[in-house]
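Just so you know, ligand 1 is whichever comes first in the structure, and atom 1 is the first atom listed for that ligand.
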Amino acid sequence: MIDVRHPADNFASLRARIRALGDLPPSDRGADGAPLTVGEWALLIDDIVAHPGENTEGLWNVAGPEEDDRTYDAIFVGGGASGRFGSAFLKARGGRQLTIDAWPFLGGSCPHQACVPHHLFSECARELDLARHMQGKLWYPTFDEKQASILEIVELFKAGRSYPHGIMNWQSKEQLDMEFILNAPATIIDEHTVEVEGRRFRARNLVLCTGARTIYPDVPGIGLKGVFDFASLIEDLDYEPNRCVIVGGSKVAMEYGSFFHATGCKTTILTRSPLMETATLHHVDAGLRDYVVAMMADRGIEIEVGTELLEVLGNGKVTGVRYRMPGGEIRQIDTDFVFVGTGERPDLSMYSSLGLATDERGFVIADTHMRTSVPSVYAAGDLVGPPMEMFKARKCGVGAARNIMGEDYEFDYTAYPDFLHTTYEVTWCGLSEDEAKQTHSNVIKIQMPPDDADPETFALPAAEGSMLYAFTRPLLSGWLKLVIDADSRQVLGAHHVGYGAKDAFQYLDYLIRRPGGITMDEMAELNELFLNPEHFIQLCRLRAGQGHPVNL
Ligand code: COM
């Protein structure tokens with residue numbers, strides 16, 4: 001056990017150890033007796049992560065009885081987004097929490113293996129796409145695929161990820177005043193008791209937030225070296241892939257496939273369902289889907305729909321895959337890199353003593369209060385199933401905290417704004433055009449390019465990040481649609497492919513779903529910051545004068 005709570009008493013040897021690990025700028029070197037700085041946390045975490053099995057002592061930030069002798073209101077098992085946000089909220093409400101994580105940092109898989117690297121990779125995909133498209137024009141040199149290395153980008157991420165980790169630990173301890181034990185697995189004894197490094201902690205409630213992990217198809221060869229998922233890609237990739245086969249058609253499959261292909265690693269996606277038609281993605285507009293998939297194909301990504309993976313080939317290391325086409329034909333691709341994006345499931349083995357009810361897919365069943373089938377046990381985040389999104393994880397944790405602290409709080413996450421990346425940022429919220437037409441008899445749309453325009457010459461939409469496309473090949477500059485009920489004039493849905501609109505969709509989703517929604521006239525009254533990435537305000541203004549608005 002390393003006690004990180006009382007710097008003055010305990011830190012001389014810890015600080016000496018951290019200082020031996022590497023240089024920090026003077027501004028990030030804590031004084032003797034002071035709490036660890038972000039940089040010091042980062043060095044410590046980096047050292048622990050880099051030497052698995054060596055640094056096995058837990059990092060304890062637990063109040064002694066002289067500081068706080070109350071029973072814990074909740075123990076959060078897992079310190080990812082749900083556990084961290086739930087803990088912070090519960091603490092802010094005056095409760096007492098303890099957060100436990102097997103990793104030496106708070107924040108969970110997001111900054112370690114998931115959302116943060118995904119965003120780095122998607123930014124690289126966008127940059128590479130532009131550099132390849134613009135090569136030989138302006139100041140852009142001939143695009144040299146050999147300069148773009150998946151391995152190098154993964155290593156860039158790994159070299160930098162301990163700084164976000166350091167921030168999470170520092171913020172949770174110094175700003176949010178959370179109690180936590182890190183780098184130590186929790187053992188669940190019963191619904192009120194958890195054991196860590198031989199010490200038992202009791203709490204009024206448990207909040208389970210240990211996430212989910214990729215499930216692999218059960219086919220021969222799936223365990224060969226060279227088969228990766230989003231997590232093992234970060235931890236285990238040690239060569240530069242030359243050819244990629246993606247198994248699955250999930251968001252992860254589309255995002256990572258777009259990145260790999262953009263680096264010059266020819267990529268084929270093998271998917272059962274058409275992309276963006278999987279059950280876990282809702283409100284996907286057909287026009288948006290068509291544009292996104294067409295643009296992936298335009299970049300050269302092969303998408304094989306209706307296929308079934310039969311076998312990963314290789315002898316110790318992947319050399320290819322065999323798969324069945326929809327008509328039954330068996331095909332083979334030679335490849336040195338297989339990436340699995342078939343979805344995730346939780347590992348519930350540590351909860352066997354609780355007897356939690358689960359659904360047919362293996363997710364923990366939790367009601368809208370985040371209560372499981374076991375009284376006083378809550379569950380949050382990916383553990384309770386899709387959507388595997390950050391807002392849901394964090395708000396589930398907060399929802400559990402609110403209920404534990406006496407509020408009657410329900411969290412409904414059936415409607416939400418959504419996004420994914422290809423080489424574009426793709427965002428949507430509200431209803432698709434087809435959905436709107438099922439419930440409204442007079443639906444119009446504002447769309448760019450319009451259905452009857454030639455997209456090769458219609459150089460709009462264009463805005464942040466797509467101006468160079470608009471002026472060189474308009475088709476590539478993006479796509480947008482606003483779905484409107486012409487009778488009530490209410491905006492029903494918004495859909496966008498381009499760059500820079502993601503933030504706006506968080507607020508658009510709220511405006512569309514609040515009681516009364518937002519009308520196209522109210523939208524037209526907003527003040528655009530031109531060239532606004534999604535163009536919706538001024539496009540509504542062009543039609544707002546019409547008593548009976550029609551398509552634009
Ligand atoms: C974000 C992690 S990377 S958390 O949600 O802030 O804990």
* Asked: Is it the case that Lys395 places NZ or CZ above or below the six-membered ring of Tyr409, under 6.0 angstrom from the centre and within 45 degrees of the axis?
  -> no

* Side chains of Thr71 and Arg96, donor plus acceptor under 3.5 Å -> no

* Looking at atom 5 (O) of ligand 1, what's its closest protein heavy atom, distance included? -> Arg394 NE, 2.8 Å

* Can you list the ligand 1 atoms lying under 4.0 Å from a non-hydrogen atom of Ala81? -> 5 (O), 7 (O)

* By number and element, which atoms of ligand 1 are closer than 4.0 Å to a non-hydrogen atom of Gly107? -> 2 (C), 7 (O)

* Structure fact -> So the atoms of ligand 1 within less than 4.0 Å of a heavy atom of Phe85 turn out to be 4 (S), 5 (O), 6 (O)

* Show which atoms of ligand 1 fall inside a sub-4.0 Å distance from at least one heavy-atom site of Arg84. => 4 (S), 6 (O), 7 (O)

* To do: Using only heavy-atom distances, determine whether the side chains of Asp46 and His165 contain a donor-acceptor pair under 3.5 Å.
  => no

* Structure fact -> Taking only non-hydrogen atoms of Cys110 and a 4.0 Å limit, the atoms of ligand 1 in range are 1 (C), 3 (S)

* On the 0 to 90° scale, with breaks at 30° and 60°, tag the His421-His118 ring pair as parallel, tilted or perpendicular. => perpendicular

* Decide if atom OH of Tyr163 counts as having more than 12 heavy atoms of other residues, nucleotides or ligands within a radius under 6.0 Å. => no

